[in-house]
Each structure stands twice: as C-alpha cells, then as structure tokens.
Amino acid sequence: MTQQSERVLNADLPGHVGKCVRVEGWVHAIRKFGAVNFLILRDRSGQAQVILEPGQMERLDGLQVETVVAVEGTVEEEERAANGVEIRDASLEVISPVTDVLPFELNKRVLKPSLDVFLNNATVGLRYPARAATFRLYSDLLFGFRDYLLGRDFTEIHTPKLVGEATEGGANVFQLDYFGKPAYLAQSPQLYKQIMVGVFERVFEIGPAFRAEPHYTVRHINEYTSLDVEMGFITGPEEVMGLLIALLEQMVQAMVGRHPRDVEALGIELPTFGEVPRITFREAQQIILDRHGENRFEEPDLSPQDERWLGEWALEEHGTDFVFVTHFPTTKVAFYSKPDPGDPEYALNFDLIFRGQELVSGSQRINDHDELLARLEARGMNAASFTGYLEAFKYGMPPEGGFAIGSERLLMRLVGAGNIRETTLFPRDVNRLSP
RNA sequence: GGUCCCGUGGUGUAGUCUGGUUUAACAUGCCACCCUGUCAAGGUGGAGAUCGCCGGUUCAAAUCCGGUCGGGACCGCCA
C-alpha cells in the first residue's frame with residue numbers, strides 16, 4: 001500500500017511552500033498550452049493552480065470540467081499565480097470522471113443562464129463560486145443569529161410543521177392527509193413559540209414556514225426559512241425592536257468576520273444601521289404625502305411602492321438602511337397583536353423595512369387569556385381550535401413579544417439579488433417543486 | 001386572481017415592428033489542430049437550431065393572426 005499524503009486545502013497552500021502535498025477537488029478550468037498546461041482546481045476553500053505536464057494531462061482526455069481529481073505535487077512560490085503559489089511536478093488521479101458537458105459554464109466571470117435555466121440545473125449551478133459564496137454567508141448569518149440569542153439566554157426550539165389547525169386563520173395553507181384526517185403545513189411557528197415563552201421566557205427557532213398563496217413576485221416563495229424570536233417580561237415593543245437591531249448587527253458581523261473574502265468577492269455593501277428611525281403607520285403615510293404627493297390615508301397597509309419610498313426616506317433623512325413602521329391599524333394586524341392601550345385603534349406592532357422592503361414583522365402580544373379569547377371571537381375565529389394555545393395563557397403568561405425575520409429576504413437584500421429565488425437553494429414556488 | 005412582456009444551436013443574445021439575397025447571425029461552450037505563463041487565455045478549422053407547440057393567412061412565415069404550453073415583471077398578499 002502506497003503512503004498517501006494528507007489532503008491540504010487550496011487556501012492553505014501558501015503555508016506549504018517547498019513541500020509535496022495532496023490536493024483534492026473539482027476541475028474548475030483547464031488552459032492547455034501544449035507543452036505546459038494549467039489546471040484550476042476548486043475545493044471548498046477556494047481555487048489553486050496546478051501545472052500539468054502533457055503526460056499527466058492525458059489522464060483528463062475525454063473528460064469535462066467538474067471532474068473530481070486528486071493531485072500530488074510540490075508547492076512553489078509563483079508570482080504569476082493567482083494566490084502566489086502553484087503546484088508543480090504534479091501527478092493527477094481521477095476520482096470521479098465527468099463525461100457529460102455542463103448545462104452552462106461555471107468557470108466564467110459572469111453566470112449566463114436565465115434564472116429559470118439556472119434553477120432547473122441548480123444542483124450543479126450552485127457550484128458557481130459566487131453562488132456558493134452567497135450561501136456560505138447565509139450560513140454565517142444564521143450562526144450570528146444563534147450566537148447572539150444563545151448568548152442572551154434564549155433557548156432554541158423546534159416546533160411541529162405538521163399541524164391540525166391553520167395557525168392564524170385564512171385559507172393560505174397547504175392541506176394534506178394525515179391518517180385520514182386533514183392536517184396542514186405550518187405557515188408560522190407563531191403560536192408554538194408564544195406557548196414556549198411560558199416555559200423558557202426567551203426562545204427562538206430557525207425553521208421552515210409554508211404559505212400556499214399563489215404569489216408571483218420576486219420576494220415571495222411558498223416555503224421559506226423563518227427566523228423567529230419570542231421573549232417574555234418585556235417592557236414594551238420598543239425593547240423587542242432594540243433587540244432586533246442589535247441582533248441584525250451581530251448577524252452581519254458574523255458574516256464579515258467568518259468569510260470576509262466572500263463579502264468582498266460578492267461586492268456586498270454592508271448595511272448602515274445608525275439610529276434606526278421609528279415612525280408610526282400614520283406618520284409613514286404623512287411622509288409619503290409630503291414627499292410624493294400621494295394620499296395613502298385610506299389605505300389599511302403599506303404597498304411595496306410605499307416601502308420603497310420609506311426606505312429612500314430613511315436613507316436620505318437618517319442615513320440608515322432600516323426604518324421601523326409601528327402602530328398599524330388593529331383591524332389589519334394578527335389577532336394576537338396587542339392593541340395600544342393609549343389608542344386601541346392601533347396595535348403595538350412593527351414592521352422593519354430594510355432597503356425598501358419589509359424584512360421583519362413583530363409585535364407585543366396579548367398575554368391576557370380573556371382578552372385573547374374575546375379577540376378570537378370578535379374575529380369570528382373558532383376558539384375551540386385554539387384550546388392548546390389558550391391554555392398556555394390561562395396558566396400564566398408574562399407580557400411578551402417577538403418577531404419573525406424572512407431569512408432569504410435578508411440575504412437577498414444584502415447581496416443585492418433581484419429575486420428571492422437567487423438566495424434560496426432550491427426555491428419552491430407555484431411552478432417549481434424540483435429540484 | 002388582475003395587468004403587461006418574452007420563448008431562436010448546450011448557454012446568452014441579434015434578426016421579428018417594415019414577411020422574400022437568411023445555405024438563420026454573433027459570443028460562449030463542445031470537438032480537432034497550433035501555441036511554455038494562462039488566470040473571462042489566444043489563433044485556425046469543425047459540428048451543433050426545421051426559430052416552444054398546434055393551427056391559420058400568403059406565391060412565400062423565425063417574422064403577421066388565433067390558440068396552447070412554458071418563462072419573466074408589476075399589482076394584490078406577506079416574511
């Protein structure tokens with residue numbers, strides 16, 4: 001049995017100058033010059049340049065890029081190589097040959113295929129370095145999310161996605177057959193996370209949310225990953241909003257700290273936080289009237305155009321990429337949102353707009369059992385189907401509140417993607433159920 | 001669900017408005033050959049598309065009309 005060198009990652013090669021190493025990865029590109037050939041090898045850490053003599057080059061005859069290979073050779077300093085080193089005197093071993101031509105080029109500066117073609121071939125398309133980098137940063141954002149919350153005594157939970165009742169009412173749920181009974185895919189962990197405040201005070205969940213709405217927009221998909229936070233013993237929604245901003249700052253820091261080269265390579269414009277303005281729904285409408293001459297006072301909610309305008313306002317007037325809009329009409333918010341005691345027409349809720357798009361919504365919740373019951377009945381909802389939820393309030397619930405971040409939207413806005421499907425690994429939309 | 005746009009080699013586009021010198025063009029990819037420093041390599045040559053599908057108008061359709069399927073954008077709704 002021949003002694004096999006231990007694998008070295010491409011990014012670590014500069015620390016192995018003069019040594020014989022083994023690298024493994026995918027053939028990203030080949031540049032043939034007859035006598036001397038360049039092989040660009042890609043692994044999880046990055047790319048490396050290998051010099052292949054013609055005899056070694058022959059081993060790739062008939063094979064395509066993305067062939068998986070192992071290369072053993074000597075690391076040499078080389079100014080002309082991309083990261084200052086290259087591998088010479090290399091011997092190449094094919095680990096997994098590729099004979100089919102790729103559906104589109106992965107080794108060009110720009111990715112050419114339309115989004116539809118890309119997504120139909122996402123299994124290989126995601127290997128495109130910039131796309132892989134995007135999702136590496138997504139992982140960092142989630143790390144930052146966990147890191148911040150665990151550090152503040154939050155408990156991570158996972159609540160069921162198969163539920164017997166539609167979470168918040170409405171018909172926009174996927175129904176399925178559960179041993180002969182109707183069941184639904186959870187549209188939100190909302191009710192369960194509130195229940196869990198009664199156990200842990202502070203909880204969070206990273207999990208899927210399913211929405212059966214047939215929406216055709218660049219910012220909606222039918223399965224998305226929701227970043228849910230819920231906390232008890234709050235003094236008001238302001239406390240929750242403060243935590244949200246600090247949390248987002250840490251998430252961005254995690255991204256920059258863990259993969260600064262990806263941040264740079266993707267040309268990410270880091271968000272400006274500053275003092276995030278907090279305006280009420282009515283104030284937001286006034287701003288739109290003042291700045292754009294559009295009277296929105298009869299509208300029960302903000303339109304996408306309104307959100308874009310408010311994003312511009314926040315940037316120009318407050319130098320921040322964020323703006324809170326609070327106190328939406330009580331009739332418009334979810335049944336569990338607490339009305340403002342000072343003006344019950346409006347709720348103690350908030351939306352956070354990031355770069356002109358709704359990113360987070362949250363509120364202080366009704367924590368009084370009887371008030372909750374009355375609210376359900378006033379809305380014509382069947383209180384009997386909320387028995388388990390209501391029980392948690394019957395047996396003692398502190399003032400509490402929370403929010404949910406659309407994780408793919410956050411990533412979309414950070415990397416400047418034009419469509420949420422670009423920041424979802426395998427998006428589920430009205431027409432797409434595979435891959 | 002409403003409105004509007006788009007389907008041309010593997011991929012991305014031009015050509016469509018104003019039907020006919022279009023054996024459908026260009027780039028990239030693929031194949032072959034040349035090249036000792038590329039890094040979006042370069043050069044020469046080659047293969048690859050009955051122009052989404054069905055029907056209609058016409059002497060003639062990628063081009064005009066109708067239907068159909070597929071894709072995209074905006075609105076509604078939301079994260």
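Proteins get letters first, then strands, A, B, ... in listed order; numbering begins at 1 in each.
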Given the [atom1] atoms of [N] and [M], what is the spacing between them in whole Å?
{"N": "B/rC17", "M": "B/rC6", "atom1": "C1'", "result": "15 Å"}
{"N": "B/rA41", "M": "B/rG46", "atom1": "P", "result": "23 Å"}
{"N": "B/rC5", "M": "B/rA79", "atom1": "C1'", "result": "28 Å"}
{"N": "B/rU57", "M": "B/rG15", "atom1": "C1'", "result": "22 Å"}
{"N": "B/rG7", "M": "B/rU13", "atom1": "P", "result": "10 Å"}
{"N": "B/rC51", "M": "B/rA25", "atom1": "P", "result": "14 Å"}
{"N": "B/rG20", "M": "B/rC4", "atom1": "C1'", "result": "32 Å"}
{"N": "B/rU18", "M": "B/rC69", "atom1": "C1'", "result": "30 Å"}

Tell which nucleotide pairs with [N], taking only Watson-Crick or G-U wobble pairs whose two distances are both under 3.5 angstrom.
{"N": "B/rU21", "result": "none"}
{"N": "B/rC33", "result": "B/rG43"}
{"N": "B/rU3", "result": "B/rA73"}
{"N": "B/rG12", "result": "B/rC26"}
{"N": "B/rC64", "result": "B/rG56"}

Look at the side-chain N and O atoms of [X] and state whether any lies under 4.0 Å from the OP1 or OP2 oxygen of [N].
{"X": "A/Lys332", "N": "B/rC78", "value": "yes"}
{"X": "A/Asn431", "N": "B/rG71", "value": "yes"}
{"X": "A/Arg31", "N": "B/rA41", "value": "yes"}
{"X": "A/Gln64", "N": "B/rC31", "value": "yes"}
{"X": "A/Asn107", "N": "B/rU28", "value": "no"}

Can you tell me if [X] and [Y] form a side-chain donor-acceptor pair at under 3.5 Å?
{"X": "A/Glu205", "Y": "A/Thr159", "result": "yes"}
{"X": "A/Tyr336", "Y": "A/Gln194", "result": "no"}
{"X": "A/Asn172", "Y": "A/Gln187", "result": "yes"}
{"X": "A/Arg428", "Y": "A/Tyr224", "result": "no"}
{"X": "A/Glu299", "Y": "A/Gln285", "result": "no"}
{"X": "A/Gln64", "Y": "A/Asp100", "result": "no"}
{"X": "A/Glu249", "Y": "A/Gln253", "result": "no"}
{"X": "A/His327", "Y": "A/Asn349", "result": "no"}
{"X": "A/Asp140", "Y": "A/His259", "result": "yes"}

Could you check whether [X] gets within reach of a base, just the sugar-phosphate, or nothing at all, counting any heavy atom under 4.0 Å?
{"X": "A/Ser361", "result": "sugar-phosphate"}
{"X": "A/Asp351", "result": "nothing"}
{"X": "A/Val110", "result": "nothing"}
{"X": "A/Gln49", "result": "base"}
{"X": "A/Ala81", "result": "base"}
{"X": "A/Glu78", "result": "base"}
{"X": "A/Arg308", "result": "sugar-phosphate"}
{"X": "A/Asn37", "result": "nothing"}
{"X": "A/Ser407", "result": "nothing"}
{"X": "A/Glu223", "result": "nothing"}
{"X": "A/Glu299", "result": "nothing"}
{"X": "A/Leu410", "result": "nothing"}

Among [options], which nucleotide has an atom closest to any side-chain atom of [X]?
{"X": "A/Arg219", "options": "B/rC31, B/rC78, B/rG37", "value": "B/rC78"}
{"X": "A/Asp301", "options": "B/rG76, B/rA73, B/rC78", "value": "B/rC78"}
{"X": "A/Val101", "options": "B/rC78, B/rG29, B/rU36", "value": "B/rG29"}

Listing time: all N or O pairs from protein to nucleotides 8-11 of chain B that are below 3.5 Å?
residue : atom : partner  : partner atom : Å
B/rG10  : O2'  : A/Pro103 : O            : 2.9
B/rG10  : N2   : A/Glu105 : OE1          : 3.2
B/rG10  : N2   : A/Glu105 : OE2          : 3.0
B/rU11  : O4'  : A/Pro103 : O            : 3.4
B/rU11  : O2   : A/Lys112 : NZ           : 2.9

*Taking the six-membered ring for Trp, are the ring centroids of A/Phe204 and A/Phe145 within less than 6.0 Å of each other?*
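Ring centres of A/Phe145 and A/Phe204 closer than 6.0 Å.
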Which whole-number value in Å describes the distance from [X] [atom1] to [N] [atom2]?
{"X": "A/Arg428", "N": "B/rA79", "atom1": "CZ", "atom2": "C1'", "result": "18 Å"}
{"X": "A/Tyr128", "N": "B/rA40", "atom1": "OH", "atom2": "C1'", "result": "10 Å"}
{"X": "A/Met412", "N": "B/rC78", "atom1": "CE", "atom2": "P", "result": "18 Å"}
{"X": "A/Glu58", "N": "B/rA32", "atom1": "CD", "atom2": "P", "result": "13 Å"}
{"X": "A/His220", "N": "B/rA73", "atom1": "NE2", "atom2": "P", "result": "13 Å"}
{"X": "A/Ile87", "N": "B/rG37", "atom1": "CD1", "atom2": "C1'", "result": "17 Å"}
{"X": "A/Arg88", "N": "B/rU38", "atom1": "CZ", "atom2": "C1'", "result": "14 Å"}
{"X": "A/Ile51", "N": "B/rC39", "atom1": "CD1", "atom2": "C1'", "result": "11 Å"}

*Mark yes or no: A/Arg146 above the aromatic ring of A/Tyr148, with NZ or CZ under 6.0 Å from the six-membered ring centre and no more than 45 degrees from the axis.*
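No, A/Arg146 and A/Tyr148 do not form such a contact.
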*Which side-chain hydrogen bond (donor to acceptor under 3.5 Å, both in side chains) pairs, counting each pair once, include a residue from residues 108-119 of chain A, with sequence neighbours left out?*
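Qualifying pairs, neighbours excluded: A/Asp116-A/Arg432.
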_With hydrogens left out and only the distance checked, is there a donor-acceptor pair under 3.5 Å joining A/Arg109's side chain and the base of B/rC39?_
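Looking at the base of B/rC39, it does not pair with any donor or acceptor on the side chain of A/Arg109 (distance under 3.5 Å).
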*When the nearest nucleotide of RNA chain B is assigned to A/Asn419 and to A/Ala404 on a heavy-atom basis, which residue is associated with the more 5' position?*
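On the 5' side of the pair lies A/Asn419.
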_Residue whose nearest RNA chain B nucleotide is more 5′ - A/Phe38 or A/Ala29_ =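 Final value for this comparison: A/Phe38.
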*Would the number of heavy atoms belonging to other residues, nucleotides or ligands and lying under 6.0 Å from CD of A/Glu77 be above 12?*
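Check fails, neighbour count at 12 or below.
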Polar atoms only, N or O, under 3.5 Å: list the protein pairs with nucleotides 42-44 of chain B and their distances.
none

*Are A/Glu230 and A/Arg365 within salt-bridge range, i.e. N to O under 4.0 Å?*
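Looking at A/Glu230 and A/Arg365, the cut-off is met.
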